[in-house]
Amino acid sequence: MTEVRVRFPPSPTGYLHIGGARTALYNWLFAKKHNGKLVLRIEDTDAERSTQASIDGIIEGLEWLGITWDEGPYFQTEFAAEHVARAHQLIRSGHAYKCFCTKEELDQKRDLAQEAKREYGYDGACRRLGAAEVAEREARGLPYVVRFKVEREAGGEVSFEDRVLGVVARSLHDIEDFVIVRSNGQPLYLLSNVVDDIRDRISHVIRGQDHLGNTAKQILLYRALGAPVPVFAHMPLTLDLNKAKISKRSHGEIVAVQFYQQRGFIPWALANFLVLLGWSPGDDREIFSREELIEAFTLERINRSNSIFNYKKDDPKFFTDPKAISINEHYLRTLPIEEVAGLVEADFKAKGLWREGYAGAERAWFLATLDLVRSRFHTIADFATLGRAYFADDFEFEEAAVRKNLLKFPELKEWLPQLADRLAALSDFTPEATEAVMRELAEELKVKPGVVINGVRTVVTGRLAGPSMFEVLTAIGQQRVVARLRRAGELFD
RNA sequence: GGCCCCUUCGUCUAGCGGCCUAGGACGCUGGCCUCUCACGCCGGUAACACGGGUUCGAACCCCGUAGGGGUCACCA
């Protein structure tokens, strides 16, 4: 069996699109599964868009997701000479020819055909030119493009067995003599892509179904160049709720991998979600470790139909596909706490919340506190916002919490400072001890324990709800709890 | 419009002729737990696009229809 070699060939657009990330992921999984190689190739022939920043954006996105490659990045522009050389080889072997038709002429013919509602394909005018005619035009310095000569014998068709779609066939009569080199001498994508894949010895081309229409032409190119045709697998596209292709232009940053990074997604959680968009293992599993996923992945189990990215704009509760969020939550609450801590550390450092003690003397406290609150958070970023009161004193008070837990019981303004004194007197600040003190106070005051407990919650954490209150007090610590309760009155003004 | 691909709950999907009165997950929702919220657990809601065949039997096979998507450049 020949070596499995796949590639991911993004064109640099400044960020890694989640659709591109999914393509990269499938290629990576397939390579890993078969002990093959993944080649990263930057298709930078569009010089306008290909800035270093764009390239960095894509590479960072891949690295963040944990997608590793074995070769590259290679840059398509570096091989332009080779692409053109191959085109001339095709001219010599009779598989391609020079075409002197101008763009204007062709546009005109196309417009005419469109008006008459006729099919349009290049009419092959230059294909019939004799050697002398070609020489004469070249001598006059006329610019030309190189066209591939499609041999259309009766009933001819080109077909291939797609690993996702099955047999796909297309009549040769539906394929025009396509251009492979521009009149300015620059090779076109169709050619470059094939020449690069041949040179990189790509065995399997795994790409989106938007490339399905190119495949027949490319197979013709492989054959004419005398190269083995790779196996193709065309994966379904990802659309939005209106069945439109998701794009940055119409959907904004939601389509960029970087967005998820910024919003505090766990990288593997996003990968896990993405892989499920158009693929399933055939059983009920949805959560996979890397190893499990590599083991389970097969091209044949990729779906044939497009999937929809379930994202409703303007729904604050779901800032992206709810399933993606739920998978992220799953990882957030089940990952070893040390791993969560690593992600929180990076986030805290970026936000100025990090304290060196969290890696040293306060390590146990730090881990226990993360563990205490993680089950009600959605992303890593929530620790610094919703969970801020555990790590800093400059947290905010939820308006609804103040209203429901404090203002509704004005007496708390007096009671809470009293409680502060009692808590300050405790020599053993344990959950059991604080609970006893609080219940005792509630009983003396003849109010339900919840009134006191929830009042404390809001004063101490700023929130309406949270973990077991007594655990929270221990986590935040006697000093800070007492200090916050003594100043409770300020919240009633 | 031509060509190509696709069509199971709102969404992601299982299903490859009988195990389907169609299973799981997310979402939504009822309940349990409880100091609140979340987690967790138990339950509910909701789908085979339509019409013809083939067959003893069809979500699964065939043919139409409808719908959706992709692609038709000297872009990638």
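Letters A, B, ... are given to chains in the order of the sequence lines, protein chains preceding strands, and every chain is numbered from 1.
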Inter-nucleotide [atom1] distance ([N], [M]), Å rounded:
| N | M | atom1 | value |
| --- | --- | --- | --- |
| U21(B) | C60(B) | P | 14 Å |
| C26(B) | G18(B) | C1' | 32 Å |
| A59(B) | C48(B) | P | 11 Å |
| G67(B) | C50(B) | P | 15 Å |
| G23(B) | U45(B) | C1' | 16 Å |
| C37(B) | C28(B) | P | 16 Å |

OP1 or OP2 of [N] under 4.0 Å from side-chain N/O of [X]:
| X | N | result |
| --- | --- | --- |
| Arg301(A) | G15(B) | yes |
| Ser280(A) | A14(B) | yes |
| Asn306(A) | U7(B) | no |
| Lys245(A) | U71(B) | yes |
| Ser307(A) | C12(B) | no |
| Asn303(A) | U13(B) | yes |

Flag this pair as yes if the NZ/CZ of [X] is under 6.0 angstrom from the six-membered ring centre of [Y] and inside a 45 degree cone about the axis; otherwise no.
| X | Y | answer |
| --- | --- | --- |
| Arg301(A) | Phe297(A) | no |
| Lys217(A) | Phe148(A) | no |
| Arg199(A) | Phe79(A) | yes |

Using a heavy-atom cut-off of under 4.0 Å over every strand shown, decide if [X] touches base, sugar-phosphate, or nothing.
| X | value |
| --- | --- |
| Ala216(A) | nothing |
| Lys243(A) | sugar-phosphate |
| Arg110(A) | sugar-phosphate |
| Gly208(A) | nothing |
| His211(A) | base |
| Val145(A) | base |
| Gly278(A) | sugar-phosphate |

[options]: which one has an atom nearest the side-chain heavy atoms of [X]?
| X | options | value |
| --- | --- | --- |
| Arg304(A) | C12(B), C6(B), G69(B) | C6(B) |
| Gln76(A) | G69(B), G24(B), A76(B) | A76(B) |
| Asn310(A) | G68(B), G10(B), G27(B) | G10(B) |
| Leu212(A) | C12(B), C4(B), G69(B) | C4(B) |
| Asp284(A) | G23(B), C74(B), A76(B) | G23(B) |

Could you tell me how the ring of Phe232(A) sits relative to the ring of His234(A): parallel (under 30°), tilted (30 to 60°) or perpendicular (over 60°)?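 Aromatic pair Phe232(A)/His234(A) classed parallel.
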
Is it the case that the side chain of Arg422(A) and the backbone of Val437(A) share a donor-acceptor pair, with hydrogens and angles ignored and the cut-off at 3.5 Å? no

Count the heavy atoms belonging to other residues, nucleotides or ligands that lie under 6.0 Å from NZ of Lys404(A), then report whether that count exceeds 12.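 No.
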
In whole Å, what is the span from the CZ atom of Arg147(A) to the C1' atom of C74(B)? 8 Å

For Ile325(A) and C12(B), what is the distance between atoms CD1 and P respectively, to the nearest whole Å?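 Nearest whole value for this atom pair: 16 Å.
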
Please give me the minimum heavy-atom distance between Leu372(A) and Ala475(A), naming the atom from each residue.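 That closest heavy-atom pairing would be CD2-CB, 3.9 Å.
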
Measuring from Leu274(A):CG to Phe309(A):CZ, what's the distance to the nearest 0.5 Å?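 Here the interatomic distance stands at 8.0 Å.
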
Nucleotide by nucleotide, nucleotides 28-41 of chain B touches protein heavy atoms under 4.0 Å in the pattern (B base, S sugar-phosphate only, - none) S------BBBBSS-

Any donor-acceptor pair under 3.5 Å between the side chain of Gln209(A) and the base of G69(B)? no

Donor + acceptor pair across side chains of Tyr189(A), Asn214(A) (<3.5 Å):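 Their side chains do not contain a donor-acceptor pair, so the 3.5 Å distance test is not met.
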
